[in-house]
Peer 1: 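Dropping a structure here in structure tokens format, bear with me for questions.
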Amino acid sequence: MPELPEVEIARRNLVRWLDGRRVVRAEADDTRVFRGARRQDFASLQGRLESLERRGKYLLFTFEGGRGLMAHLGMTGRFLRRPEGVPVPYSRARFYLDSGEVIHFADSRLFGRMEPCPASRLYALDAVKELGRDPLAEGLTAGQLQEALGTSRQALKVALMDQGRVTGLGNIHAAEALYRAGLHPARAPASLSPAEWARLADAIHASIAFGLEEQQGDEPAYLEDGAENRFLVYGRAGTPCARCGATVESFTQGGRTTHCCPQCQPLHPARKPPDGRRKTAARRR
DNA sequence: GGATGCCTGTGG
DNA sequence: CCACAGGCATCC
């Protein structure tokens, strides 16, 4: 389920865990995670980590000797550090460190993906080379955002989640950014004003910053049960919007559930600020 | 554009 | 029990 902030936290954790250490053994189980890739090459990922970059939701490892690894967490993937001998549920691949620790790639649903390849070819992988701008790694101005999304004929939220336009936003942070920007998820991208593009760019950075703050720490929090919902609209259908009190709606877009406040995110922006209360077609599930 | 499949876990 | 889950690919 991880989106850009969660993957970025995973990256920072991995960099810290591997700093000054060496991978003495790497092993990967025979699972769908490797798809068509050469799973046996995973074992050659040894020694020092030279760099670990993130593009969108992809992690790109470079180990000494020019060995590379592309990793994607899918919905339920995560990297965990444990002392050797501690069993990890759904561990699919492991790095054994000279410190006696083990870094596991655990993934219950197997939607995650790994592909070992020469480090020089990481950015040439199909999945990676087609990614759009990364708001955190590369920056994202209002103009760049408009350039990336403005030509889309999809609904605004669907376009935001198109990794080939802007990369890193998933269902939650797309919804959160649109709420922060006061833009309805079903708006047509071509209809946005310059001021709206600017608000959306700011909102994307704010949502990512919030996510980074929330997800800090060695143990990924996004899969823990019992965690309270800290998002502004995501998962809040049927409850009052914190800003205006209107009932948060949910509906389906592109096969995913979208949440928004019909009052704060008008589908048809008023020319002047609305002064009465409007009728909202709240759809609840 | 939309629907479906991939997997397993969890919550209503 | 069923519906749904923060992703992605593939099909029409």
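Every chain is numbered from 1, with letters handed out A, B, ... down the list of sequences. Everything numeric in this text was worked out from a predicted model, so none of it was measured.
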Peer 1: Looking at the side chain of Gln163(A), which of dG7(C), dC8(C), dA5(C) is the nearest nucleotide?
Peer 2: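 Output: dC8(C).
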Peer 1: Near DNA chain C, which residues from residues 164-181 of chain A have a heavy atom under 4.0 Å away?
Peer 2: Gly170(A), Asn171(A), Ile172(A)
Peer 1: Expressed as a whole number of angstroms, how long is the span from Arg256(A):CZ to dC4(C):P?
Peer 2: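 Rounded to whole Å, this separation is 13 Å.
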Peer 1: Under the rule for ring pair (Phe, Tyr, Trp, His ring centres under 6.0 Å), what residues qualify as partners of His184(A), not counting sequence neighbours?
Peer 2: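 Checked His184(A) against ring pair (Phe, Tyr, Trp, His ring centres under 6.0 Å); matches are Phe251(A).
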Peer 1: Between Tyr234(A) and Phe231(A), what is the ring plane arrangement, given parallel below 30°, perpendicular above 60°, and tilted in between?
Peer 2: perpendicular
Peer 1: Is a side-chain donor or acceptor of Thr247(A) paired with a backbone partner of Gly238(A) at a separation under 3.5 angstrom?
Peer 2: no
Peer 1: Please answer whether the main-chain N or O of Arg22(A) pairs with a side-chain N or O of Asp98(A) as donor and acceptor at a distance below 3.5 Å.
Peer 2: yes
Peer 1: Just jot down the salt bridge (charged side-chain N to carboxylate O under 4.0 Å, His left out) partners of Glu196(A), sequence neighbours excluded, or say none.
Peer 2: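 Partners of Glu196(A) by the salt bridge (charged side-chain N to carboxylate O under 4.0 Å, His left out) criterion, ordered by chain and then number, come out as Arg187(A).
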Peer 1: Do NZ/NE/NH1/NH2 and the carboxylate oxygens of Glu53(A) and Arg11(A) come within less than 4.0 Å?
Peer 2: no
Peer 1: With respect to the phosphate group of dC6(B), does any side-chain polar atom (N or O) of Arg109(A) fall under 4.0 Å of OP1 or OP2?
Peer 2: no
Peer 1: Does a side-chain N or O from Thr257(A) land closer than 4.0 Å to OP1 or OP2 of dA5(C), or not?
Peer 2: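 Yes.
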Peer 1: Do the charged groups of Glu214(A) and Arg230(A) touch, with an N to O distance under 4.0 Å?
Peer 2: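 Arg230(A) and Glu214(A): salt-bridged.
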Peer 1: Using a distance-only test with no angle check, is there a side-chain donor-acceptor pair under 3.5 angstrom linking Glu101(A) and Tyr96(A)?
Peer 2: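 Absent: no donor and acceptor within the cut-off.
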Peer 1: List in chain and number order the residues that pass salt bridge (charged side-chain N to carboxylate O under 4.0 Å, His left out) with Arg39(A), two or more places apart in sequence or in another chain; answer none if no residue qualifies.
Peer 2: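 Residues passing salt bridge (charged side-chain N to carboxylate O under 4.0 Å, His left out) with Arg39(A): Asp30(A).
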Peer 1: Taking the C1' atom in each of dC6(B) and dC1(C), what is the distance between them to the nearest angstrom?
Peer 2: 22 Å
Peer 1: Without decimals, in angstroms, what is the distance between Asn229(A) CG and dA5(C) P?
Peer 2: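 Rounding to the nearest Å, CG of Asn229(A) and P of dA5(C) are 13 Å apart.
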Peer 1: Which atom pair, heavy atoms only, marks the closest approach of Ala26(A) to Gln46(A)?
Peer 2: N-NE2, 4.3 Å
Peer 1: Quantified in whole Å, what is the P atom distance between nucleotide dA3(B) and nucleotide dA3(C)?
Peer 2: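 Here dA3(B) and dA3(C) have their P atoms 16 Å from each other.
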Peer 1: Show me the pairs that pass side chain to side chain donor-acceptor pair (under 3.5 Å) and involve residues 200-211 of chain A, at least two apart or across chains.
Peer 2: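 Sorted result for residues 200-211 of chain A: Arg180(A)-Ser207(A).
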Peer 1: Under 3.5 Å between N/O atoms: give me all the protein pairs with nucleotides 10-12 of chain C, atom names plus distance.
Peer 2:
none

Peer 1: Decide, applying a 5.5 Å centre-distance limit and a 30° plane-angle limit (both strict), whether Phe111(A) stacks on dC8(C).
Peer 2: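 No, the aromatic ring of Phe111(A) does not stack with the base.
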Peer 1: Just to be sure I understand the geometry, which residues of residues 126-138 of chain A put a non-hydrogen atom under 4.0 Å away from DNA chain C?
Peer 2: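 Of all residues in residues 126-138 of chain A, none places a heavy atom under 4.0 Å from DNA chain C.
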Peer 1: From CE of Met114(A) over to C1' of dG7(C), roughly how many Å is that when rounded to an integer?
Peer 2: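 Value for this atom pair: 16 Å.
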Peer 1: Treating a pair as Watson-Crick (purine N1 to pyrimidine N3 plus N6-O4 or O6-N4) or G-U wobble (N1-O2 and O6-N3) with both distances under 3.5 Å, list the stems of 3 or more consecutive pairs that involve DNA chain C.
Peer 2: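 Counting only runs of 3 or more consecutive pairs, the stems involving DNA chain C are B:1-6 with C:7-12, B:8-12 with C:1-5.
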Peer 1: Taking salt bridge (charged side-chain N to carboxylate O under 4.0 Å, His left out) as the test, write out the residues that go with Arg38(A), two or more places apart.
Peer 2: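 Result, salt bridge (charged side-chain N to carboxylate O under 4.0 Å, His left out) vs Arg38(A): Asp41(A).
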Peer 1: Considering residues at least two apart in sequence or located in another chain, which fulfil the salt bridge (charged side-chain N to carboxylate O under 4.0 Å, His left out) criterion with Arg16(A)?
Peer 2: Asp218(A)
Peer 1: Ignoring backbone atoms, test whether His72(A) places a side-chain nitrogen or oxygen under 4.0 Å from the OP1 or OP2 oxygen of dC8(C).
Peer 2: yes
Peer 1: Check the distance between dT8(B)'s P and Arg32(A)'s CZ and give it to me in whole angstrom.
Peer 2: 9 Å
Peer 1: Is Arg54(A) paired with Glu138(A) through a side-chain N to carboxylate O contact shorter than 4.0 Å?
Peer 2: no
Peer 1: Check each residue of residues 144-158 of chain A for a non-hydrogen atom within less than 4.0 Å of any atom in DNA chain B, then write out the ones that pass by number, or none.
Peer 2: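 Those residues are Arg153(A), Gln154(A), Ala155(A).
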Peer 1: Can you figure out which of dG7(C), dC6(B), dA9(C) approaches the side chain of Tyr58(A) most closely?
Peer 2: dA9(C)
Peer 1: Tell me whether the side-chain N/O atoms of Arg113(A) come closer than 4.0 Å to OP1 or OP2 in dC8(C).
Peer 2: no
Peer 1: Rounding to an integer number of Å, can you tell me how far Asp29(A) CG sits from dC7(B) P?
Peer 2: 16 Å
Peer 1: For the pair made of CZ in Arg92(A) and P in dC7(B), what is the distance, rounded to whole Å?
Peer 2: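 The answer, rounded to whole Å, is 11 Å.
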Peer 1: Using distance alone, with no hydrogens and no angle criterion, decide if Thr62(A) and Glu50(A) have a side-chain donor and acceptor under 3.5 Å apart.
Peer 2: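 Not at all, the side chains of Thr62(A) and Glu50(A) share no donor-acceptor pair under 3.5 Å.
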Peer 1: Evaluate Arg78(A) against Asp107(A) for salt bridge (Lys or Arg N to Asp or Glu O under 4.0 Å), listing each step before the verdict.
Peer 2: CA-CA 6 Å; Arg78(A) 46 184 148 177; Asp107(A) 182 7; over 6 Å; no
Peer 1: In chain order, what residues pass the ring pair (Phe, Tyr, Trp, His ring centres under 6.0 Å) check against Phe42(A), with sequence neighbours excluded?
Peer 2: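 Partners of Phe42(A) under the ring pair (Phe, Tyr, Trp, His ring centres under 6.0 Å) test: Phe34(A), Phe95(A).
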Peer 1: What is the distance from CE of Met161(A) to P of dG1(B), rounded to the nearest Å?
Peer 2: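 Rounding to the nearest Å, CE of Met161(A) and P of dG1(B) are 14 Å apart.
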Peer 1: Nearest whole Å is fine: how far is dC7(B) P from Leu73(A) CG?
Peer 2: 18 Å
